[in-house]
Structure formats: structure tokens, C-alpha cells
Amino acid sequence: MSNTATEPQAAPARVATKRTILMCKPTHYTVSYRINPWMHPEEPTDTSKAVEQWQSLVDVYEQLGFDISYIEPIEGLPDMVYAANGGFVLDGVAYGAKFQYPERQPEGPAYMDWFRSAGLTVAEPRETNEGEGDFLLIGDTIFAGTGFRSDSTSHEELAEIYGREVVTLKLINPSFYHLDTAIAVLDPEPDASGRSNIAYLESAFDEPSLAILRERFPDAIIATEEDAAILGLNSYSDGYNVVIASRAVRFAEQLREKGYNPIGVDLSELLLGGGGVKCCTLDLHPVGTGTSVAR
Ligand code: ARG
């Protein structure tokens with residue numbers, strides 16, 4: 001029987017794409033300073049538990065067939081596990097991170113060295129920016145967060161380097177200080193109809209930014225405060241499988257309704273540093289895959 005307008009619309013078929021990512025083992029993870037509201041240096045952390053949980057994320061990614069590279073963790077840089085902040089990689093060019101807080105600044109050059117050794121062209125940053133923590137490729141456009149970490153001047157630098165449209169979004173809640181804590185990219189490559197969808201937390205953005213999100217993503221999943229409060233949006237999708245915080249139950253349901261396959265992992269120990277699944281994952285967007293435009 002053919003579909004008629006009165007029948008409920010089936011969720012579109014989702015296509016998993018192979019992801020190529022960079023990760024950093026939390027060998028030296030702890031919370032020894034406070035640069036976001038999640039961090040409480042006076043409370044204990046358990047490094048071996050962090051390593052175990054991180055390994056469970058790696059296991060999931062391996063089962064999904066991802067191509068994973070690893071950067072060597074450096075002692076004294078406890079936040080290095082959050083590889084998403086190490087830079088932004090697209091079209092064979094790695095735009096280096098220039099961290100806002102001195103505690104994390106040495107991570108910038110460490111990641112740039114890795115990018116060079118991987119054969120990428122490194123664009124040394126002039127402006128303060130925290131890499132893919134604040135810059136998300138959605139379709140052909142780079143959405144760039146500001147308000148807490150990355151300076152809006154880095155958005156101009158991004159546009160210069162990549163020659164792509166860069167859309168600035170302003171974050172207003174200190175608990176959602178990086179763009180990847182407030183937006184989840186669900187389709188790393190545009191779907192069959194050429195669209196890329198997202199999930200986001202409305203209260204994390206100022207009004208002009210919200211207007212942009214509503215206009216550009218009319219079908220977006222609107223996340224609940226409860227799910228966002230455990231960094232549920234900080235997730236990583238291959239277009240079908242969406243790796244999320246296991247406690248983000250409503251988000252998992254919302255994803256299923258739209259035809260995605262949520263996979264929960266428990267990164268509670270890394271949440272003490274203010275990061276989740278996505279923070280531990282830097283997409284390397286290899287040239288030649290769907291979203292990388294060869295130039
Ligand atoms: N403690 C780290 C910081 O505050 C957490 C970074 C989380 N990373 C992310 N991509 N949101 O900088």
C-alpha cells in the first residue's frame with residue numbers, strides 16, 4: 001500500500017558514515033583547577049575510573065568501525081582528554097586552538113604538533129579559540145560559538161582560513177560554555193534529502209542565535225533541561241548511531257522517534273571536568289569524505 005498524506009510519516013532511513021577521529025587517553029586526568037561550573041577541585045576524582053569509562057567509549061567507537069587516532073597524553077595537562085578542544089580540522093587544514101585559560105594553553109601546541117605529524121597543514125591561531133568545542137560543521141557551514149571561551153574574532157579567522165560560511169552563535173549559560181555542550185550534530189554528512197539535523201538546548205542561546213537555529217533547523221530535536229544538565233547533548237553521531245550519555249533518557253527517546261539509534265555510555269567521571277562524549281572526540285573530517293570539499 002502506498003503512503004497517503006493521512007498516514008503518519010515514517011522516520012527517514014538513517015545512514016551510518018565511517019568517522020575518523022582523534023582521542024586522548026585520560027592517563028593524567030584529574031580536576032585540579034576550576035574553569036567551568038562543573039569542576040570542583042576540592043572533591044576527589046578517580047583517574048582509573050576515568051580511564052575505564054573512556055575505554056568503554058573507545059570500545060563503542062571501535063564496534064561502529066570508526067578510524068581512531070590517539071594523541072599521547074601529557075602529564076600536568078589533565079583536560080587533554082577533551083580532544084575536541086585541541087583544534088578544528090577540515091579540508092586538510094587544522095586550525096590550532098588558543099585556549100582561554102592558562103591551565104590549558106600548552107595543549108594548543110601539543111595538538112598542533114600532532115596535526116603536523118598526521119600530515120595536516122596547520123593554521124596557527126591568532127585569536128582565542130577552543131577548537132571543535134566551539135566550532136561545529138553542519139552541512140557546509142561552520143557554526144561557531146562564543147560567549148565564554150572562543151572569541152568572536154576567531155570566527156573571522158575561521159572564515160578566512162576555510163572560505164566557508166561561518167555562523168556565530170552566542171552562548172549565555174556558563175554551564176554550557178562550549179557550543180558542543182548545547183548542540184548535538186546528528187548528521188555529520190547531509191542526509192538523502194541534503195539536510196543535516198541537530199539537537200539543541202534553547203536556554204543556552206541568546207535570542208538572535210535562537211532565531212537562527214529555529215530558521216535553519218525547523219526539524220531539530222529540542223533537548224530537555226534534564227538531559228542537558230548531565231551534558232546529554234554532548235554526543236557524537238555517525239548519521240545513524242548516536243553515542244550519548246546513558247542518563248540522557250528523554251534524548252534517547254527523541255532520537256529513536258527520528259530514526260536514529262542512540263547508544264548510551266557512562267562517562268560520569270569525565271563529567272566532573274565538565275565534559276562528555278563529544279568533548280572526548282575530535283572529528284578529523286578527512287578530505288574526500290562527504291563534507292570535505294577538496295579545494
Ligand atoms: N575542563 C574542560 C574545560 O573546561 C572541559 C572541556 C570540555 N570540552 C568540550 N568540548 N566541551 O575546558
Side-chain angles (χ1 to χ4, degrees), residues 19-87 89 97 99 101 103-115 117-118 130-133 175 177-178 180-181 184 229-238 241-248 252 262-284:
R19 311 313 303 163
T20 302
I21 58 174
L22 177 63
M23 300 181 77
C24 180
K25 191 173 180 177
T27 313
H28 306 293
Y29 173 76
T30 186
V31 175
S32 54
Y33 49 80
R34 185 163 208 246
I35 58 172
N36 70 53
W38 304 82
M39 301 174 87
H40 297 283
E42 65 287 358
E43 282 164 23
T45 48
D46 182 339
T47 305
S48 56
K49 188 173 166 193
V51 171
E52 252 169 55
Q53 293 182 338
W54 177 85
Q55 188 58 50
S56 71
L57 177 63
V58 172
D59 293 347
V60 168
Y61 285 163
E62 273 179 352
Q63 279 156 21
L64 294 177
F66 292 6
D67 184 344
I68 314 175
S69 293
Y70 300 93
I71 182 174
E72 198 58 40
I74 298 173
E75 202 178 338
L77 297 177
D79 275 339
M80 209 172 156
V81 59
Y82 305 115
N85 304 134
V89 183
F99 285 86
Y101 293 104
E103 291 90 338
R104 295 198 68 182
Q105 278 164 5
E107 293 182 45
Y111 274 93
M112 282 190 263
D113 285 348
W114 188 90
F115 297 138
S117 72
E130 301 197 352
E132 210 177 50
S175 290
Y177 55 94
H178 277 142
D180 71 359
T181 65
I230 46 137
L231 290 186
L233 279 172
N234 194 251
S235 56
Y236 189 66
S237 173
D238 68 5
N241 304 289
V242 189
V243 185
I244 67 170
S246 42
R247 285 160 64 201
I263 302 175
V265 291
D266 178 12
L267 294 186
S268 58
E269 198 58 31
L270 291 165
L271 189 59
L272 303 176
V277 171
K278 177 62 190 70
C279 300
C280 295
T281 314
L282 177 69
D283 198 314
L284 293 173

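Heads up: numbering here begins at 1 and tracks the sequence.
Listed by first then second residue, pairs satisfying side chain to side chain donor-acceptor pair (under 3.5 Å) with a partner in residues 68-84 read Tyr33-Asp79, not counting sequence neighbours. A salt bridge (Lys or Arg N to Asp or Glu O under 4.0 Å) check over residues 52-70, counting only residues at least two apart or in different chains, returns nothing. Pairs engaging residues 264-277 under the side chain to side chain donor-acceptor pair (under 3.5 Å) rule: Gln53-Ser268, Asp266-Ser268 [sequence neighbours left out]. Identified under the salt bridge (Lys or Arg N to Asp or Glu O under 4.0 Å) test for residues 26-43, with sequence neighbours left out: none.
For Tyr61, the side chain to side chain donor-acceptor pair (under 3.5 Å) test picks out Thr281, with sequence neighbours left out. Judged as a side chain to side chain donor-acceptor pair (under 3.5 Å), and not counting sequence neighbours, the contacts of Asp283 are Arg19, Tyr236. The side-chain contact (heavy atoms from CB on, under 4.5 Å) search around Ser48 returns Asp46, not counting sequence neighbours. Remark: Asn241 engages Asp238, Asn261 in a side chain to side chain donor-acceptor pair (under 3.5 Å) (not counting sequence neighbours). With sequence neighbours left out, the side-chain contact (heavy atoms from CB on, under 4.5 Å) criterion links Ala83 to Tyr111, Leu282. Applying the salt bridge (Lys or Arg N to Asp or Glu O under 4.0 Å) test to Asp113 and every residue at least two apart in sequence or in another chain returns Arg116. Residues satisfying the side chain to side chain donor-acceptor pair (under 3.5 Å) test with Glu132, not counting sequence neighbours, are Lys278. Judged as a side-chain contact (heavy atoms from CB on, under 4.5 Å), and not counting sequence neighbours, the contacts of Ser237 are Pro188, Val242.
When every heavy atom of Ile71 is checked against every heavy atom of Ala110, the shortest pair comes out as CD1-O, 3.8 Å. The two residues Leu270 and Pro26 make their nearest non-hydrogen contact at CD2-CB, 4.4 Å. Here the closest heavy-atom approach between residue Ile74 and residue Met80 is recorded as N-SD, 3.6 Å. Closest approach of Ala97 and Gly131 over heavy atoms only: CB-N, 4.4 Å. Closest non-hydrogen pair, Thr47 versus Tyr29, comes out as OG1-O, 2.8 Å. The two residues Ile244 and Gly232 have their closest heavy-atom pair at CB-O, 4.4 Å.
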_For Val89 and Leu22: C-alpha separation, side-chain torsions, deciding distance, then whether side-chain contact (heavy atoms from CB on, under 4.5 Å) applies._
CA-CA 10 Å; Val89 183; Leu22 177 63; over 6 Å; no
*Would Asn234 and His178 count as a side-chain contact (heavy atoms from CB on, under 4.5 Å) if you check the C-alpha gap in whole Å, the side-chain angles of each, and the deciding distance to 0.1 Å?*
CA-CA 10 Å; Asn234 194 251; His178 277 142; over 6 Å; no
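Taking OG1 of Thr27 as the start and CG of Leu77 as the end, the distance is 12.0 Å to the nearest 0.5 Å. Here the NE2 atom belonging to His40 is positioned 12.5 Å from the OG1 atom belonging to Thr45, to the nearest 0.5 angstrom. Distance check: Leu267 CG to Cys279 SG gives 9.5 Å after rounding to the nearest 0.5 Å. Atom-to-atom distance recorded for Asn36:CG and Tyr177:OH is 4.0 Å, nearest 0.5 angstrom.
Using a distance-only test at 3.5 Å, with no hydrogens or angles considered, a donor-acceptor pair links the side chain of Ser235 to the main chain of Leu233. The main-chain N or O of Phe99 is found under 3.5 Å from a side-chain atom of Gln105 such that the two form a donor-acceptor pair.
Looking at heavy atoms from C-beta onward, Met23 lies in side-chain contact with Leu57 at the 4.5 angstrom threshold.
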